[in-house]
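Report on one structure; see the data block that follows.
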Amino acid sequence: MGGPDDVRRRPVRRPRPRLAVGSPLQLLLLACSFALAAYAGVRLLAGDWFGVALWIVGAALLHDLVLLPLYAVLDRALVKAAGRRRVGAPPMPLRQWGRIMYVRVPAALSLLLLLVWFPLVSGRVAERYPSATGLSADGFLTRWLLMTAALFGGSALLLVLRLRRATKDRPPAAH
């Protein structure tokens, strides 16, 4: 038997890092999206570039310093409220955490709609909107509230249907 020096050691070959490139269709779509973004940027910055840059920086700061902490606190409160059963009870099982998504998703979509349509929902541009578009600015608050109700109602309906199906799939002794 030989010693450790008798064993020939091969040099360790490390695999070369592969460049993560998608299919040709993905690359084409990515190039087109960059071209469209560049075109929109050139058109947008052609007029008041300082005002646009100030708006983008202000929006980023508002999101990062105000809105992100606000909805993080609201989400944490939602998770705590959903997890609290009684004092000394074991924590909520992992499968029940999915129920929180039935509140998160419609809330996020509703807030996204509010963010996009805020000037019209709040009525701040009620004077300028008809002159610029020829359309009435009435009813945006009502439509946003109806859309929010529909999102939460649809989410509640899906939750009820899934819970009902889950109870039907269990054997009778588990009820």
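FYI, the numbering just counts along the sequence from 1.
- Put simply, CG on Asp75 and CZ on Arg104 are 4.0 Å apart, with the number rounded to the nearest 0.5 Å.
- Separating the CG atom in Leu54 from the CH2 atom in Trp49 is a distance of 10.5 Å, to the nearest 0.5 Å.
- Linking ILVMFWY residues whenever their side-chain heavy atoms come closer than 4.5 Å, directly or via other members, leaves Leu157 and Leu163 in distinct clusters.
- Sorted pairs that involve residues 128-154 and meet salt bridge (Lys or Arg N to Asp or Glu O under 4.0 Å), not counting sequence neighbours, are lacking altogether.
- For the atom pair CG of Leu141 and CG of Leu146, the computed distance is 9.5 Å after rounding to the nearest 0.5 Å.
- In terms of hydrophobic clustering, with Ile, Leu, Val, Met, Phe, Trp and Tyr side chains grouped at heavy-atom distances under 4.5 Å, Met147 and Val105 are assigned to a common cluster.
- Linking ILVMFWY residues whenever their side-chain heavy atoms come closer than 4.5 Å, directly or via other members, places Trp55 and Phe50 in the same cluster.
- With hydrogens and angles ignored, the 3.5 Å screen pairs a side-chain donor or acceptor of Trp144 with a backbone N or O of Ser110.
- Here the shortest heavy-atom pairing between Ser136 and Phe140 reads O-CE1, 4.0 Å.
- When all heavy atoms are compared, the tightest approach of Pro130 to Glu127 is CD-O, 3.7 Å.
- Taking each heavy atom of Leu158 and Tyr102 in turn, the nearest pair found is CB-CE2, 3.9 Å.
- Scanning both residues, Tyr129 and Leu135, for their nearest heavy atoms gives CD2-O, 3.7 Å.
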Practice item. Go through Leu36 and Ser33 one step at a time and tell me if the side-chain contact (heavy atoms from CB on, under 4.5 Å) criterion holds. Key: CA-CA 5 Å; Leu36 182 64; Ser33 67; 5.7 Å; no
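- Both Leu113 and Val125 belong to a common hydrophobic cluster when Ile, Leu, Val, Met, Phe, Trp and Tyr are linked at side-chain heavy-atom distances under 4.5 angstrom.
- The cluster map of Ile, Leu, Val, Met, Phe, Trp and Tyr, joined by side-chain heavy atoms under 4.5 Å apart, puts Leu161 and Leu159 in different clusters.
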Review point. Does the side-chain contact (heavy atoms from CB on, under 4.5 Å) test come out yes or no for His63 and Tyr71, once each step is laid out?
Key: CA-CA 10 Å; His63 176 267; Tyr71 56 73; 2.7 Å; yes
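- Counting all heavy atoms, side chain and backbone alike, Ala137 lies closest to Leu120 at CB-CD2, 4.3 Å.
- For the side-chain contact (heavy atoms from CB on, under 4.5 Å) test, no residue two or more places apart in sequence or in another chain qualifies with Leu115.
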